[in-house]
Number of protein chains: 2
Amino acid sequence: MALFWVRGYHATSLKDLEAALNMRPGSIYAAFRSKEGLYRAALDLYAGRMQAELRDLALAAPAPLAALQAHLRAIAGQSCGTQRPSSACMLVKALLDHPQEGALRDLVLTHLDGVEQILAEAFARAGEMGELPRGSDPARLARRMQTYVFGLKIQAQRGLAPEAMQRLCDDLAAELGALVPA
Amino acid sequence: MALFWVRGYHATSLKDLEAALNMRPGSIYAAFRSKEGLYRAALDLYAGRMQAELRDLALAAPAPLAALQAHLRAIAGQSCGTQRPSSACMLVKALLDHPQEGALRDLVLTHLDGVEQILAEAFARAGEMGELPRGSDPARLARRMQTYVFGLKIQAQRGLAPEAMQRLCDDLAAELGALVPA
DNA sequence: CCTTTACTTGAGCAATCACTCCATAACTGT
DNA sequence: ACAGTTATGGAGTGATTGCTCAAGTAAAGG
């Protein structure tokens, strides 16, 4: 997963994967039907983790909106540390790597929709708890939030100065905060 | 340029390029030193056009901030029409395609910095014309604007419903509008 | 009109690509 | 311990990759 995440689909060769998995071609093709099959498995793993993380963060929190704000601010920290294979979002990379229609693109779109759905639920809960004005559209807010994350993770990939990155994340998090009724 | 823009660097083969350019390998390698050389030329062309477009839009306009808002809203329209090779930003695609340090990545970063610089100048002008509160940081606003564009163009690539895409663009444009002093 | 220079052509290079195959090693149930 | 089943290893498949170069064509110069 890390290899595909960093290098992307096309730039990752089976020789690289053999080394990373410590498996020989025969075993790889017995386990996953093809290179694409392995990639799909990696995407599923990534999306599963991301969705679980978001669920824990925003659906279990007492103040969902505040949790989402914290999530935005945390992106700044993830860009410096080398703990993560890449600062960018693997789903976005996959989306750009597969611009034409196909089963793989559909898989990516499904995962992106799943994430958006979780965000929408979080915003719905935020509304119920009075963190949002009445009549707010959770789906609309979810798309906006996801757009922020997409943009921020690309900026992170760019290698912006840490303090600039932090300010940027704070700015966008503040916009979410501006939604709170007075 | 269109080919690299749509398919990305690694997924574009020389055979594709030969057909698109109607040139044979020898001529291509005489004109550009390598596949990477041709890619650099395509990136330069793309960035040049994008920067020129932005300059015309935001630096010549009487109300720079309003022009930038209009630019955000216009992204929704660009996602449906098949006029453009791809809805995504070629520079972002290139950035994600070349995650590790190298001359190519440096070129992409330079172009991204160039775009950001133009946006910063536009915000500076907006400040001078009273469209922004005193003490606004043009560079900071430019990064935010660019982050919006990154995110929006990815959403466009995703193939969102046109009305949802339009609402999203309007939402982000409205955020810029919220900067205007009362 | 011939020579010289500049450019294009396309066959073909080594290397790499994703992938297959089957002998062999490693488990499993009896 | 042994037959039956499954998983692995790794050489090797044809196709494709980015790229080179000698031969050929066009353009320019006198």
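Excluded from the calculations below are hydrogen atoms, water molecules and symmetry mates; all remaining heavy atoms, backbone and side chain alike, are included. Letters A, B, ... are given to chains in the order of the sequence lines, protein chains preceding strands, and every chain is numbered from 1.
- Of the residues in residues 11-25 of chain B, B:T12, B:S13, B:L14, B:P25 come within less than 4.0 Å of DNA chain D through at least one heavy atom, sorted by number.
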What's the verdict on side chain to side chain contact (heavy atoms under 4.5 Å, CB included) for A:H111 and A:M50, showing C-alpha distance, side-chain angles and the deciding distance?
CA-CA 10 Å; A:H111 285 319; A:M50 157 167 270; over 6 Å; no
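- Relative to the ring axis of A:Y9, A:K93 does not place its NZ or CZ within 45° and under 6.0 Å from the centre.
- In the set D:dT8, D:dC19, C:dC19, the nucleotide with an atom closest to the side chain of A:S34 is C:dC19.
- Following rounding to the nearest Å, A:Y29 (OH) and D:dT13 (C1') show an atom-to-atom distance of 13 Å.
- Mapped onto DNA chain C by nearest heavy atom, A:E36 and B:I28 fall at different nucleotides, with B:I28 at the one closer to the 5' end.
- Because its NZ or CZ atom is not both nearer than 6.0 Å to the ring centre of A:F150 and within 45° of the ring axis, B:K153 does not count as a cation-pi partner of that residue.
- Contact between the side-chain N/O atoms of A:S27 and the OP1/OP2 oxygens of D:dG9 is found at a separation under 4.0 Å.
- Using a 30° and 60° split on the angle between ring planes, A:Y39 and A:H98 fall in the tilted class, from 30° to 60°.
- Distance B:K35 NZ to C:dA15 C1': 15 Å, rounded to the nearest Å.
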If you apply the rule side chain to side chain donor-acceptor pair (under 3.5 Å), what do you find for A:Q155 with A:R158, and how did you get there?
CA-CA 5 Å; A:Q155 292 283 21; A:R158 193 174 160 190; 2.9 Å; yes
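- Side-chain atoms of A:R40 do not come within 3.5 Å of backbone N or O of A:F32 as any donor-acceptor pair.
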